[in-house]
Structure formats: structure tokens, C-alpha cells
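Note sheet for the following structure.
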Amino acid sequence: MNGTDSILQAMIMNEAQGEHEFVISHHMAESPHRIDVARDETVFIQRISIEASADFWLEFHSATESRLIQKQVSALQKIDDEIITRHKGSVNFSRSSEFDFVVLYVKLKSIK
């Protein structure tokens with residue numbers, strides 16, 4: 001277990017505290033415009049992998065969180081961003097140009 005895995009686990013346990021039952025699921029999305037999050041769900045984005053060959057920015061936001069990833073590159077590179085973010089609403093993505101990226105996220109769903 002690496003450092004971000006233990007942080008993610010602590011964030012999930014903190015979010016699930018007080019809930020009687022919940023389901024955790026792992027997901028991957030390729031270059032999404034939006035990740036839909038239901039009212040009884042919380043999404044934790046754990047990694048974004050970007051393949052870009054020119055300067056770029058990637059912005060993603062929800063009702064509770066907003067992040068900007070911006071890098072200067074001159075040749076094809078794979079960039080991994082492993083900052084864990086917590087989202088209580090749908091997550092929208094926008095980018096400076098067409099480049100490929102993959103989002104790995106965990107969805108916590110409360111069961112009532």
C-alpha cells in the first residue's frame with residue numbers, strides 16, 4: 001500500500017462514518033467530459049494520467065472541489081497526477097486542447 005492508498009482509505013472511512021451500510025466501487029474513465037454523481041454518492045478521484053505532447057491545462061470541478069493541472073511539455077509525455085480529491089456532486093472536465101487522459105476514481109454509495 002503506497003502513501004496515496006492509505007490517504008484514500010482514511011478519506012473513505014471518514015466519509016462513511018455514521019453510515020450503516022455503503023458500497024465502494026472502482027472506476028476508470030477515458031477523457032470524460034463529466035462523471036455523474038448521484039445524491040447519495042461521493043466520488044474520490046485518485047489519479048489522472050495524461051498523455052500530452054504540447055503545453056496543456058486540464059481543469060475539473062464539482063460543487064465541492066475545483067482543481068487545475070497545468071504543465072509545459074515539448075515532447076510526448078505521460079504525466080500522473082495523484083492528488084486525491086473528494087466530490088459530492090457531478091465532476092465536469094475541460095481542457096486546453098485535444099489530448100488523452102484517464103481518470104481513476106472510487107465511488108462511495110450509501111445504502112439506506
Side-chain angles (χ1 to χ4, degrees):
M1 179 183 276
N2 67 30
T4 58
D5 288 343
S6 60
I7 293 169
L8 177 61
Q9 182 179 15
M11 290 175 74
I12 290 171
M13 295 313 293
N14 187 49
E15 185 73 24
Q17 205 170 39
E19 297 294 331
H20 296 290
E21 294 183 37
F22 57 90
V23 175
I24 296 173
S25 57
H26 296 266
H27 302 270
M28 181 183 82
E30 295 182 10
S31 301
H33 294 288
R34 179 181 171 103
I35 295 174
D36 292 321
V37 180
R39 190 177 199 164
D40 59 348
E41 296 175 334
T42 303
V43 163
F44 297 92
I45 294 179
Q46 74 184 110
R47 178 182 298 142
I48 297 179
S49 295
I50 302 165
E51 285 192 9
S53 58
D55 298 353
F56 72 90
W57 57 262
L58 173 67
E59 190 265 341
F60 58 101
H61 67 274
S62 66
T64 58
E65 185 85 32
S66 179
R67 294 290 171 132
L68 174 68
I69 301 168
Q70 187 173 7
K71 300 281 184 192
Q72 295 180 347
V73 295
S74 58
L76 183 61
Q77 288 183 327
K78 182 177 179 184
I79 297 134
D80 286 328
D81 185 273
E82 293 186 352
I83 296 176
I84 301 170
T85 56
R86 175 187 166 274
H87 303 273
K88 287 296 285 179
S90 295
V91 185
N92 296 291
F93 293 83
S94 57
R95 55 189 165 169
S96 59
S97 60
E98 288 298 315
F99 56 85
D100 295 327
F101 66 101
V102 175
V103 179
L104 299 175
Y105 62 98
V106 176
K107 199 176 265 193
L108 175 73
K109 181 175 178 64
S110 300
I111 300 174
K112 298 183 184 202

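Just so it is clear, the values below take in all heavy atoms, side chains as well, and ignore hydrogens, waters and symmetry mates.
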In sequence, state the C-alpha distance, the side-chain angles, and the governing distance for Val23 and Ile111, and then conclude on side-chain contact (heavy atoms from CB on, under 4.5 Å).
-> CA-CA 7 Å; Val23 175; Ile111 300 174; 3.1 Å; yes
Does some side-chain heavy atom of Ser96 sit less than 4.5 Å from a side-chain heavy atom of Gln70?
-> no
Parallel, tilted or perpendicular: rings of Tyr105 and His27 (30°, 60°) = parallel
Does Lys78 come within less than 4.0 Å of Glu51, counting only side-chain N to carboxylate O?
-> no
Should Val43 and Leu104 be counted in the same cluster of Ile, Leu, Val, Met, Phe, Trp and Tyr side chains packed under 4.5 Å apart?
-> no
Taking C-beta and beyond as the side chain, do Lys88 and Val37 meet within less than 4.5 Å on heavy atoms?
-> no
Determine, using the 4.5 Å side-chain heavy-atom cutoff (strictly less than), whether Ile45 and Leu108 are members of one ILVMFWY cluster.
-> no
Considering all heavy atoms, the nearest Ser90-Asp36 contact | OG-CA, 3.6 Å
Can you get from Ile7 to Ile24 by hopping between Ile, Leu, Val, Met, Phe, Trp and Tyr side chains that sit under 4.5 Å apart?
-> yes
Are Thr85 and Glu65 linked by a side-chain donor-acceptor pair shorter than 3.5 Å?
-> no
Close side-chain approach of Ile79 to Phe101, heavy-atom, < 4.5 Å | no
Heavy-atom distance under 4.5 Å between the side chains of Ser94 and Trp57, does that happen here?
-> yes
Is there side-chain contact between Val91 and Val103, with heavy atoms separated by less than 4.5 Å?
-> no
In Å and rounded to the nearest 0.5 Å, what is the OG to CD distance from Ser31 to Glu98?
-> 8.0 Å
Quick check: does any side chain N or O of Ser62 sit under 3.5 Å from a backbone N or O of His87, one acting as donor and the other as acceptor?
-> no
Gap separating the CD atom of Glu59 from the CG atom of Leu68, nearest 0.5 angstrom | 6.5 Å
Do the non-hydrogen side-chain atoms of Glu15 and Phe22 ever get within less than 4.5 Å of each other?
-> no
Which pair of heavy atoms, one from Ile84 and one from Gln46, lies closest together, and at what distance?
-> CG1-CA, 4.2 Å
Do Phe44 and Leu58 share a hydrophobic cluster, counting only Ile, Leu, Val, Met, Phe, Trp and Tyr and linking them when any side-chain heavy atoms are less than 4.5 Å apart?
-> no
Anything under 30° is parallel, anything over 60° is perpendicular, the rest tilted; go ahead and classify Phe60 against Phe93.
-> parallel
Residue pair Gln72 / Asp55: nearest heavy atoms and the distance that separates them | CA-OD1, 3.2 Å
